[in-house]
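Computed from heavy atoms alone, side chains included, the values below leave out hydrogens, waters and symmetry copies. Convention: sequence-line order gives letters A, B, ...; per-chain numbering from 1.
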Amino acid sequence: MRLITHNMLKCHVKNCTDPDKQFPLRFKDVQLEQIDAERNNEFLVRMLPRIDWPALSKTTKELDITLPETVPGNPEDDEEFLQALHTAILETHIKQGSMLCDGCGHEYKITNGIPNMLLAEHEI
Amino acid sequence: MKEQPVADTLQLSEADKEDQYVHQVYDEIATHFSDTRFKAWPVIERYLLGLPVGSIGADIGCGNGKYLGVRGSGDIFMVGTDRSKALVGICAQRGFECQVSDGLDLPYRDGAFDFAISIAVIHHFASPERRARAVAEVLRVVRPGGSVLVFAWALEQNGRRKFDPNTQDVLVPWVLPASKAQCSAGRDELAGEGESAQSKVFHRYYHLFRKGELQELFEQVGGCTVIENGYDRDNWYIIAQKI
């Protein structure tokens with residue numbers, strides 16, 4: 001799972017609705033892998049509005065990945081920023097581990113890069 | 001004799017029906033199913049190729065990932081989810097971004113995506129309420145102004161399958177050739193050493209949509225404007241914009 005996807009996820013357990021807690025999910029015991037991917041600057045600049053930057057910032061800090069605190073004024077002119085963003089969200093893969101919800105404690109497991117987001121019956 | 005669809009008379013709860021006649025079946029037939037799902041349909045291809053650069057979307061019920069790679073060159077990004085672990089595994093092997101998830105309960109924050117597609121999926125939900133919930137989920141994960149594309153099997157079909165016009169809830173056979181059986185337990189039961197195994201027939205539950213029903217479903221769920229509706233390859237389809 002790439003970090004861009006993680007930015008879209010939230011905990012969806014029944015009654016777990018505090019937006020400050022259910023997103024972003026907290027990584028636990030993760031194994032990361034860096035896989036090169038071709039950078040597309042236009043894609044990066046145009047998709048920026050979809051990224052929740054505070055969540056991405058929090059998550060990358062937890063994983064010891066360097067990313068600026070805020071998005072620069074003219075991202076399209078900032079090669080260094082775009083490369084850092086590209087590496088963080090598209091080249092960083094979580095291969096094994098879990099994602100924990102700070103709200104309800106539910107643990108979503110990641111195996112061979114695939115998150116299992118299914119819930120038990122009582123959690124729906 | 002060719003296996004024919006039969007009317008669904010199963011006395012099961014909706015969840016159990018989906019579990020036994022959708023989820024378990026796809027897990028068993030995944031590889032064979034994937035082999036038969038390779039040609040992108042023109043309406044869907046047109047939709048994906050028309051999206052602006054920078055679009056991020058969800059493929060809900062992505063199966064083997066057939067649509068996840070249609071738009072190459074990294075100018076959009078798609079995440080697939082499917083209820084079948086086996087199919088998601090096939091997606092992952094192909095290098096696509098994918099997760100195991102149920103369409104009734106998507107793990108995404110509201111309005112996360114620019115677009116969502118759900119191709120030949122919602123007909124597997126076993127009640128009107130569950131089908132409405134599936135459509136509501138597809139819409140929920142898309143931002144205001146974003147669009148969704150949904151395809152569902154039609155009652156009125158022109159192909160090989162012939163359906164009784166009075167029966168919308170059916171069980172459709174899938175014949176798994178012996179050579180493709182992936183459930184080792186099944187193979188052991190059917191084949192001894194040196195003996196040839198038989199093929200196995202599975203039945204999948206479908207609710208076939210009659211003309212107009214898919215549009216009614218979207219109107220009932222609300223929060224969207226229908227942009228396009230049509231019929232293609234034995235399916236009704238809708239493109240809708242989230243309000």
Would you give the length of the straight line joining atom [atom1] of [X] to atom [atom2] of [Y], rounded to the nearest 0.5 angstrom?
| X | Y | atom1 | atom2 | answer |
| --- | --- | --- | --- | --- |
| M47(A) | F113(B) | CE | CZ | 12.5 Å |
| L118(A) | K85(B) | CG | NZ | 6.0 Å |
| Q99(B) | L9(A) | CD | CG | 5.0 Å |
| M8(A) | E97(B) | CE | CD | 10.5 Å |
| H12(A) | E137(B) | NE2 | CD | 9.0 Å |

So for [X], is it side chain, backbone, both, or neither that comes closer than 4.5 Å to the heavy atoms of chain B?
| X | value |
| --- | --- |
| D52(A) | both |
| L90(A) | side chain |
| I110(A) | neither |
| E42(A) | both |

N7(A) vs R109(B) side-chain heavy atoms within contact, under 4.5 Å: yes

Evaluate the side-chain proximity of F77(B) to R2(A): yes if any heavy-atom separation is below 4.5 Å, no if none is. yes

So which part of [X] gets closer than 4.5 Å to some heavy atom of chain A, the side chain, the backbone, both or neither?
| X | value |
| --- | --- |
| V79(B) | side chain |
| S55(B) | backbone |
| L104(B) | neither |

P115(A) to C98(B) - nearest heavy-atom pair and separation: CD-O, 3.5 Å

Take atom CD of Q34(A) as the centre, draw a 6.0 Å sphere, and report whether it contains more than 12 heavy atoms from other residues, nucleotides or ligands. yes

Salt-bridge contact D110(B)-K10(A) (side-chain N to carboxylate O under 4.0 Å): yes

Looking only at L44(A), I35(A), L119(A), N116(A), the option with the highest number of non-hydrogen pairs under 4.5 Å against chain B is N116(A)

Counting heavy-atom pairs under 4.5 Å with chain A, the top scorer among G54(B), A92(B), P107(B), S101(B) is P107(B)

Any idea which of L106(B), V141(B), V53(B), T81(B) has the most non-hydrogen atom pairs under 4.5 angstrom with chain A? V53(B)

Please answer whether the main-chain N or O of I56(B) pairs with a side-chain N or O of R50(A) as donor and acceptor at a distance below 3.5 Å. no

Those residues of residues 54-66 of chain A that come under 4.5 Å of chain B on a heavy-atom basis, listed by number, are none

